[in-house]
Amino acid sequence: MSSAVSPQQVDLEQVDLTDASWFADGPPHELFARLRTEDPIHRNPLPDGTHCWSVTRHADVSAISRDTATFSSYEAGIFLHPDQVLPLTLARNLLLYMDPPQHTKYRLILQKAFTPNTVKALEDAIRTRVTKTIDKVIEAGACDFVDDIAIPVPLGVLTELMGVPEEDLPQFLEWTEGIEEAQRSPEPDAASEVFVQMAGYLHAQIERQMAEGNEESLVMKLRAAEVEGEKLTDPEILVFFGLLAFAGNDTTRNTTATGMHTLLEHPGTLEALSADPSLVPAAVEEILRYTSVVQWFNRTATKDTELAGRPIAKGDRVLLWYTSASRDEDLFEDPQTFDIHRAKPDHKAFGGGGRHFCLGAGLARAELRILFEELSRRMPDLKLAGAVERLPSSWANGLVKMPVTFTPGPKEG
Ligand code: HEM
């Protein structure tokens, strides 16, 4: 059952949270609040007559994320259909789809290359990219925030990280759009063709960078990283680059767009950030909590078990609703209020907090901080100039269009 019925009145037993119509005006936070109180391990009916479990409380999302032996990412993948986006057999090469011990080994090697220093080294390049992106629209006094800011910055940073040349950005955009559409497609396996094309391209990029031998490039760092005598093979490096395009792009784009939309819904916040940029890191953390753009991932029960008194059968799918956990009243005071003065909110925007905790969280935070520092200084009076169009999805909280106007602020900080 979907949003035709109000969240207060709907018979919870009938609620299918994966139905995108519940999300037409943004995540249904009233419904999540009811579920957390009345039915936190919700038997979620699905249109094909089967069911999954929708888990909405912070404590349960955290506990399940940490129990990878009982709740697997490998067994049937991280979406509802095992072959959503890519065939499961192929997708299992991606870190997101692995369980320990395979995940532990692979992640340790990646962490050696993908360090806080990797992010630090990118900061100047991120600021230059943000500045150039704003420069392109600032004199016009109007733009589409999604097309002109939220899309180009994360995409550009990602290609910078991978060492992909600037002129190939439009092609890269096309591929990442293909992956995003595949996440929403009713057809399984919808991104295989995109991944094949992208793999051919990335292979050539990696070969070139190996020949150049720049020790600071991510490719060379990944080749050098070693844990207990184990290294990544070149095909594994290629797969990791594919994962970055999958995991690091839309997530940051959607947080940028919904984050700015949230600031506009709270008049004065942008000016406050402009007047005191030291508030930006806390504002970014609250934006992450409040928007939680990856709304859920799936786990599959590896044995019969129980969650808060509900019997879960081996093979059952369990959806971890990060977007609900990030607004759990057990953890957050006044969770529906956007408050940039919260102290270090333990939100679930980067996942449940277990082994799969977002590997790119440091990069995403740096990118968002620099973006909102520059935007609040240079566009302090940014306003909505038309209707906002939402991504029709229960999985991603994102915007497709957001027309805005502004008058230019100072270019130099
Ligand atoms: C605001 C932006 C971002 C959000 C909201 C986000 C969110 C997430 C979430 C929810 C997960 C799953 C965690 C779990 O299962 O518990 C994840 C995993 C991951 N993310 Fe991010 N992410 C963001 C940016 C990035 C960036 C910029 C990169 C890299 C360039 C990245 C790379 C990854 C990788 C590689 C994983 C898999 C980790 C694993 O399975 O061990 N993410 N992210």
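In each ligand, atom 1 is the first atom listed, and ligand 1 is the first ligand listed.
When hydrogens are left out, the protein atom nearest atom 35 (C) of ligand 1 is L243 CD2, 3.6 Å; that is the closest non-hydrogen contact. Of the protein's heavy atoms, A349 O, 3.5 Å lies nearest to atom 7 (C) of ligand 1. The protein heavy-atom contact nearest to atom 33 (C) of ligand 1 is A247 CB, 3.6 Å. Nearest protein heavy-atom contact of atom 36 (C) of ligand 1 is L359 N, 4.0 Å. F350 CD2, 3.7 Å is the protein heavy atom nearest to atom 6 (C) of ligand 1. Closest protein heavy atom to atom 26 (C) of ligand 1: G248 CA, 3.4 Å. F297 CE1, 3.5 Å is the protein heavy atom nearest to atom 12 (C) of ligand 1.
Within the 4.0 Å heavy-atom cutoff, R299 counts among the residues contacting ligand 1. Heavy atoms of R365 come nearer than 4.0 angstrom to ligand 1 in no pair at all.
To the nearest 0.5 angstrom, R317 atom CZ is 4.0 Å from T50 atom OG1. The distance from atom CG of L363 to atom CZ of R365, rounded to the nearest 0.5 Å, is 11.5 Å. D148 CG to I138 CD1: the interatomic distance, rounded to the nearest 0.5 Å, is 12.0 Å. In this structure, CG in N44 is found 11.0 Å from CG in L12, a value given to the nearest 0.5 Å. Note that the CG atom of L319 and the CG atom of N298 stand 5.5 Å from one another [nearest 0.5 Å]. We find the CZ-CD1 distance between R127 and I370 to be 5.0 Å, quoted to the nearest 0.5 Å.
Atom 17 (C) of ligand 1 has its nearest heavy-atom neighbour, among C358, G352, G259, A364, in C358.
Partner of L331 under the side-chain contact (heavy atoms from CB on, under 4.5 Å) criterion, out of H58, R57, H347: H58 alone. Results of the salt bridge (charged side-chain N to carboxylate O under 4.0 Å, His left out) test with R129 over E123, E367, E160 single out E160 as the only residue that passes.
For I78, no heavy-atom contact with ligand 1 is shorter than 4.0 Å. Contacts of L110 with ligand 1, taken as heavy-atom pairs under 4.0 Å, are absent altogether. Contacts with ligand 1 closer than 4.0 Å are made by heavy atoms of both the backbone and the side chain of T251. If you look at L244 next to ligand 1, the close heavy atoms, those under 4.0 Å, all belong to the side chain. Both the backbone and the side chain of L95 come within contact range of ligand 1, each with a heavy atom under 4.0 Å.
Per-residue contacts place T255 under 4.0 angstrom from the following atoms of ligand 1 (heavy atoms of the residue considered): 1 (C). Of all the atoms in ligand 1, the ones that sit under 4.0 Å from a non-hydrogen atom of L363 are 30 (C). Of all atoms in ligand 1, numbered sequentially from 1 with element shown, those under 4.0 Å from a heavy atom of H103 are 39 (C), 40 (O), 41 (O). Atoms of ligand 1 lying under 4.0 Å from at least one heavy atom of R355, given by number and element, are 41 (O).
Where the criterion is an N or O separation shorter than 3.5 Å, residue side chain and backbone included, H356 meets it with respect to ligand 1. Ligand 1 has a nitrogen or oxygen under 3.5 angstrom from a nitrogen or oxygen of R107.
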Exercise for review: Assess whether salt bridge (charged side-chain N to carboxylate O under 4.0 Å, His left out) is satisfied between K401 and D147, documenting all intermediate values.
Suggested key: CA-CA 7 Å; K401 290 273 163 231; D147 285 340; 2.6 Å; yes
Check your understanding: After noting the C-alpha distance and the side-chain angles of R377 and E374, does the key distance pass the salt bridge (charged side-chain N to carboxylate O under 4.0 Å, His left out) rule?
Key -> CA-CA 5 Å; R377 193 181 70 249; E374 295 295 327; 3.0 Å; yes
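Note: F195 and W175 fail the aromatic proximity criterion, with ring centroids not under 6.0 Å apart.
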